[in-house]
**Student:** 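Quick one: the structure is below, and I'll ask about it shortly.
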Amino acid sequence: VNCFFCKTEVKRTNADVRAVLCDRCVQRCLGAPEIKEPVKKVTYEEKKVRKAERLARKAGKLEKLKTATRGKGRGWHLKKLFHYEGTFYSFGEVIDAAQAERLKKELMKVEAVDPFKVKRGRGRPKKVVA
Ligand SMILES: [Zn+2]
């Protein structure tokens, strides 16, 4: 059987083969192989530096994760007034700006109470005799 591209005879084929592409043509079709850059030798010192850098990066990432608040943060739905991305919430429900303003004033009043004047009982509350 002859190669269907360059018409040279290909000798080693099975009897039922109708068409063949010879090895030279296959090579020509593929083109030159890509030569990879040789692997750089890394010295012990360089390795040490890289490892330190990697560890530092990892630690930084972990620290970021620790301080990051996911979404609205923990317990946002328990707050009387909560602000997140331009929206006000009260106990997890969306409220408008006017309501938020009113709540803010209310909360300011509560916060204004002198903490030293508020007596806090210790331990169990005393029994009230009727
Ligand atoms: Zn050929």
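Values in this document were obtained by computation on a predicted structure and should not be read as measured data. Both ligands and their constituent atoms are indexed starting at 1 by order of listing.
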**Student:** To check you understand the geometry: which heavy-atom pair defines the closest contact between Val42 and Arg50, and what is its length?
**Tutor:**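 Looking at all heavy atoms of both residues, the closest pair is CG2-NH2, 4.0 Å.
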**Student:** Could you check whether the rings of Trp76 and Phe82 sit parallel, tilted or perpendicular, using 30° and 60° as the cut-offs?
**Tutor:**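 Geometry flag for Phe82 against Trp76: tilted rings.
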**Student:** Rounded to the nearest 0.5 Å, how far does CD of Gln99 lie from OG of Ser90?
**Tutor:**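 Rounded to the nearest 0.5 Å, the OG-CD separation comes out at 8.0 Å.
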**Student:** Under 2.8 Å from the Zn ion (ligand 1), protein N/O/S atom count?
**Tutor:**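 Of the protein's nitrogen, oxygen and sulfur atoms, 4 lie under 2.8 Å from the Zn ion (ligand 1).
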**Student:** What residues join Phe4 in its hydrophobic cluster, counting side-chain heavy atom gaps under 4.5 Å, either direct or through other members?
**Tutor:**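 Besides Phe4, the hydrophobic cluster comprises Phe5, Leu21, Val26, Leu30, listed by chain and residue number.
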**Student:** Rounded to the nearest 0.5 Å, how far apart are NZ of Lys80 and CZ of Phe91?
**Tutor:**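 One gets 6.0 Å once the value is rounded to the nearest 0.5 Å.
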**Student:** Are Tyr89 and Leu81 linked, directly or through other ILVMFWY residues, by side chains that come within less than 4.5 angstrom of each other?
**Tutor:**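 Tyr89 does not cluster with Leu81.
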